[in-house]
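As structure tokens, the structure follows; a few thoughts come after it.
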Protein chains: 2
Amino acid sequence: MSSTDARALLREASLRVTEPRVAVVEALEGHPHGSADELYSAVARVLPTTSKQAVYNVLHDLADHGLARRIEPGDHPARYELRVGDNHHHVVCRGCGVIADVDCVVGHAPCLTPSVDHGFAVVEAEVVFWGLCQACTRAREATPEPSPAI
Amino acid sequence: MSSTDARALLREASLRVTEPRVAVVEALEGHPHGSADELYSAVARVLPTTSKQAVYNVLHDLADHGLARRIEPGDHPARYELRVGDNHHHVVCRGCGVIADVDCVVGHAPCLTPSVDHGFAVVEAEVVFWGLCQACTRAREATPEPSPAI
DNA sequence: CCCCTTCTTTTGATTGATTCAAATGATGGC
DNA sequence: GCCATCATTTGAATCAATCAAAAGAAGGGG
């Protein structure tokens, strides 16, 4: 089913349907918060001749046409998701950068209006929860801190 | 006054008091959301022999010891601020990356608890408001879009 | 069904913030 | 004032991401 959907999605956005684009959309379906690198690896399995630059191009195109959303968590490489249009938020792991969706926050609406805007034309509110994923939490417990400073 | 304060601040954090560190702290007082580059320029005016690496080192040290906070807005270079301990938020300009503080959000507390945590140990909630600062808003109005796609 | 214009992809170089590493220099407790 | 320890300088390296030019496909018009 997926290949057909990906092609339809691209056509509806008036983007030319090319193999790299189809492959990237399908990679995103399998990696809902994939980095460019991860998606490149996934695409390479299906279409080994694809260049990483093509993956960057496609991701940029998808984002520009509203088919994908780019997430830029701190100093981790950017990640992409197909889930657009519902402004949900994310939990990001400080250890490995892995991301999970947060569908809603308690009392969501009221907190997304800044009380002071300093002359800014505010367009969007972004909420990021930082923490440690299960794997990184276990890794820290296994490896005690080198030695606390003071 | 500032130089004395900076020295006291460093000493209280059990950081050695050095000229580059004092200069960076003072630069931060004058540039409350400065990037490493901006702070380096400011420091250079006072202490021209300081290397950019030293500025990076100092900023890292300040952040590690809780004297400064690092802000990493999307694909803009990181910025630093001395204001720590009160978890306030920021408005970031999509155009130039300039940052302003947002002291509080309406109904703040309730929105900082994710409803689902996916096994994450959530430590911190970060809220970023994206928009355009006055200067960038004016610039966009002056320069109409190149020509809509489609 | 084929051509031609336009848009994509490939390739390889480049940018830019940030970090690493080794050698030199300064800080401050004793 | 000495000296071990920590900072700074210098120069190279990393890594994600972007730029640019040439070669290659997509798909609408004939």
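Chain letters run A, B, ... following the sequence lines, proteins first and then strands; every chain starts at 1. Everything quoted here is computed from the prediction, not taken from an experiment.
Nearer the 5' end of DNA chain D, as judged by each residue's closest nucleotide, is the contact made by B:Thr49, out of B:Asp75 and B:Thr49. The nearest heavy atom of DNA chain C to B:Val17 and to A:Pro20 marks one nucleotide each, and the one closer to the 5' end goes with A:Pro20.
A:Arg79 has its CZ atom 15 Å from the C1' atom of D:dC15, to the nearest Å. Going from atom CG of B:Leu59 over to atom P of D:dT8 covers 11 Å, rounded to whole Å. The distance between atom CG of A:Asp61 and atom C1' of D:dA17, rounded to the nearest whole Å, is 15 Å. Nucleotide D:dA16 holds its P atom 17 Å from the CD1 atom of A:Ile71, rounded to whole Å. In this structure, CG of B:Asn57 is placed 9 Å from P of D:dT9, rounded to the nearest angstrom. Summarising the geometry, the separation between CD on B:Glu19 and C1' on D:dC6 is reported as 16 Å, rounded to the nearest angstrom. As a whole-Å value, the separation of B:Leu47 CG from D:dT9 P is 8 Å. The interatomic distance linking B:Leu62 (CG) with D:dA7 (C1') rounds to 13 Å, in whole Å.
Contacts between chain A and DNA chain C, taken as any atom within less than 4.0 angstrom of a protein heavy atom, begin and end at C:dT6 to C:dG12.
A salt bridge links A:Arg70 with A:Glu72: at least one charged nitrogen is closer than 4.0 Å to a carboxylate oxygen. Remark: A:Arg7 does not engage A:Glu26 in a salt bridge, criterion side-chain N to carboxylate O under 4.0 Å. Taking a cutoff of 4.0 Å between a charged side-chain nitrogen and a carboxylate oxygen, B:Glu38 and B:Arg79 qualify as a salt bridge.
Checking D:dA26, D:dT9, D:dA7 against every side-chain atom of A:Thr18, the shortest atom distance belongs to D:dA26. Of the candidate nucleotides D:dT9, D:dA17, D:dA7, D:dT9 has the atom lying nearest to any side-chain atom of B:Gln53.
Between the side chains of B:His31 and B:Glu81, no donor-acceptor pair of N or O atoms lies under 3.5 Å. In this model, a donor atom of one side chain and an acceptor atom of the other lie less than 3.5 Å apart for A:Asp101 and A:His33. Counted by atom type alone, A:Asp64 and A:His60 present one or more donor-acceptor pairs between their side chains at under 3.5 Å.
Using a 4.5 Å heavy-atom cutoff, the side chains of A:Val24 and A:Leu59 are in contact.
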